[in-house]
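Encoded as structure tokens, the structure appears first; notes follow it.
Note that these values count all heavy atoms, side chains included, but never hydrogens, waters or copies made by symmetry. Start at 1 with the first residue, then count along the sequence. Just so we're clear, the structure is a prediction, and the values are computed from it rather than from any experiment.
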Amino acid sequence: MMKKNSLRQLILATAAAGALLSAPGVSQAQGLFAPVVKVDDQVVTNFELTQRIAFLELLNTPGDLEELALEQLIDDRLREQAARSVNLQLLDGALENAVEEFAARGNLKTEQFLELTAAEGIEKETVFAFVRSNLIWRELVRARFGRRVSVTETDIDRAMEALGSRASVRVLLSEVIIPLQPGYEAQITEIAEQVATIDSFGDFTEAAKRFSAAPTKETGGKLGWLPISQLPPALRPVLLGLEPGETTSVIPMQGALAVFQMRSIAESAYRAPDIAAVEYASLTIPGGRTPETLATAAGVAAAVDTCDDLYGENFGKSADLLTVTSAAPKDLPRGIAVELAKLDSGEVSYNLSTASGDIQLLMLCGRSPVLAQDASREDVTRQLRNEQLEGFANGYLEELRANARIIKR
């Protein structure tokens, strides 16, 4: 279980770096090596497509895997064609080294990495083709656009200023989170709406102690200071529009209703880094929100220190109960985003419920900043160069797609 998690984290890290690209269809009636799409004079076979789908499925990749896999393979063909057009070839051993580095990101040796994929029916050639496509594309983009990248001292100064000098807004909130119970939705909604009319700190504290299911009920719903940048983008203007003592309207969350009260707003002397991606684990604890399942959730929370530990807690149970996801903050479901905003890495929340009423235990694995707050000028320069190269690469790939003759069977 631990090894499979490392593999999935490995690919997710590659996706965050832009290696996983994104698109349609497998017909069961087609032969194994029948073409499913033609890209100019090249084809993508049904076998390649089913292999890539299996690869993505192993990683619990969200979305339409059939569509995603085919679009990736189309992009692979375009990349290879572009590399051949300029006679770009990889140096001896470069591919093997790239696969080794790829596996090492998940704390795996190449042999372990290939054993894990083989156990899922994924051929070694599929893995090497995936890595090779990204490697040769990176080399092609550097060769084609490297001289066009221009990062000035002014650019670096502005980026450094954005990291360290501008004020950052923080908010001090209290919360009431009421889980929705089947058959009692109307009554719970009425209670939440009444809480949303409260305009005093004392009354809100009492409401939290009486109605809230969050652990903060013991302190009257009080949360610590939170950077506004960690909260869902849609919620930020709502909170910033509140005066101390005022509350939000009722906010639907996953399996719960929430109301927040503003206690204070402050600006710090620095700007917290923007978050590029949030990685979190979600463990479903079946049985509804009974005292027994809540006790189970509390036990899990006390027993784990990292997201990897959750695999041990789920050992022997359905793998579908546990997922680990990496997503941009704007792509997080609002309820999950709110809960994760309260957490530091390794901390746990079990305030939310699944659609079927089971407990959804969340653990924050980590946040990846767009640029580290304490980044050196070298770090900032590298990041700015990479951003420019990525822009050139995306535009070049779009151009290749527009000029190619792509026929989907």
Parallel, tilted or perpendicular: rings of Phe392 and Phe145 (30°, 60°): parallel
Distance check, rounded to the nearest 0.5 Å: [X] atom [atom1] versus [Y] atom [atom2]?
| X | Y | atom1 | atom2 | value |
| --- | --- | --- | --- | --- |
| Gln42 | Leu73 | CD | CG | 11.5 Å |
| Arg138 | Leu389 | CZ | CG | 11.5 Å |
| Asp75 | Trp137 | CG | CH2 | 8.5 Å |
| Ile285 | Glu313 | CD1 | CD | 9.0 Å |
| Ser345 | Leu364 | OG | CG | 4.5 Å |
| Leu239 | Ile265 | CG | CD1 | 8.0 Å |

Is any side-chain heavy atom of [X] less than 4.5 Å from a side-chain heavy atom of [Y]?
| X | Y | result |
| --- | --- | --- |
| Pro252 | Arg334 | yes |
| Arg52 | Phe130 | yes |
| Leu310 | Val300 | yes |
| Val348 | Leu361 | yes |
| Phe47 | Gln51 | yes |
| Leu283 | Lys317 | no |
| Val250 | Thr189 | no |
| Thr284 | Ser318 | no |

Hey, is the main chain of [Y] close enough, under 3.5 Å, to the side chain of [X] for a donor-acceptor pair?
| X | Y | value |
| --- | --- | --- |
| Glu101 | Val99 | no |
| Thr117 | Leu114 | yes |
| Asp358 | Gly288 | yes |
| Asn134 | Val131 | no |
| Ser349 | Leu362 | no |
| Gln261 | Gly245 | yes |

Please assess Asp41 against Gln81 for the test side chain to side chain contact (heavy atoms under 4.5 Å, CB included), listing each intermediate value before the final yes or no. CA-CA 10 Å; Asp41 60 347; Gln81 186 170 281; 3.9 Å; yes
Write down the atom of [X], the atom of [Y], and the distance for their closest heavy-atom approach.
| X | Y | answer |
| --- | --- | --- |
| Ala207 | Ile198 | CB-CD1, 3.8 Å |
| Ala281 | Cys307 | CB-SG, 3.9 Å |
| Ser212 | Glu175 | OG-O, 4.3 Å |
| Leu226 | Leu231 | CD1-CD2, 4.4 Å |
| Thr248 | Ala196 | O-CB, 3.5 Å |
| Cys365 | Val324 | SG-CG1, 4.2 Å |

Please name all residues satisfying side chain to side chain donor-acceptor pair (under 3.5 Å) with Glu48, sequence neighbours left out, ordered by chain then number. Thr45, Arg77
Listed by chain and number, what are the salt bridge (charged side-chain N to carboxylate O under 4.0 Å, His left out) partners of [X], not counting sequence neighbours?
| X | result |
| --- | --- |
| Arg263 | none |
| Glu80 | none |
| Lys217 | none |
| Arg385 | none |

So, Gln360 versus Thr354: side-chain donor-acceptor pair below 3.5 Å or not?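 No, Thr354 and Gln360 have no side-chain donor paired with an acceptor closer than 3.5 Å.
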Give a yes or no on this: more than 12 heavy atoms of other residues, nucleotides or ligands lie within 6.0 Å of atom [atom1] of [X].
| X | atom1 | value |
| --- | --- | --- |
| Arg289 | CZ | yes |
| Asp92 | CG | no |
| Gln181 | CD | yes |

Between Tyr280 and Leu343, is the side chain to side chain contact (heavy atoms under 4.5 Å, CB included) condition met? List the steps. CA-CA 10 Å; Tyr280 68 96; Leu343 305 178; over 6 Å; no
Would you mind listing every salt bridge (Lys or Arg N to Asp or Glu O under 4.0 Å) that reaches into residues 187-199, with sequence neighbours excluded?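 Counting only pairs at least two positions apart or across chains, no salt bridge (Lys or Arg N to Asp or Glu O under 4.0 Å) contact touches residues 187-199.
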Are Leu242 and Phe260 close enough, and set up right, to give a side chain to side chain contact (heavy atoms under 4.5 Å, CB included), and what steps lead you there? CA-CA 10 Å; Leu242 298 178; Phe260 294 93; 6.0 Å; no
Kindly determine whether Glu399 and Tyr396 satisfy side chain to side chain contact (heavy atoms under 4.5 Å, CB included), including the steps that lead there. CA-CA 5 Å; Glu399 179 184 339; Tyr396 185 33; 4.3 Å; yes
Indicate yes or no: does Glu398 engage Arg401 in a salt bridge with an N to O separation below 4.0 Å. no
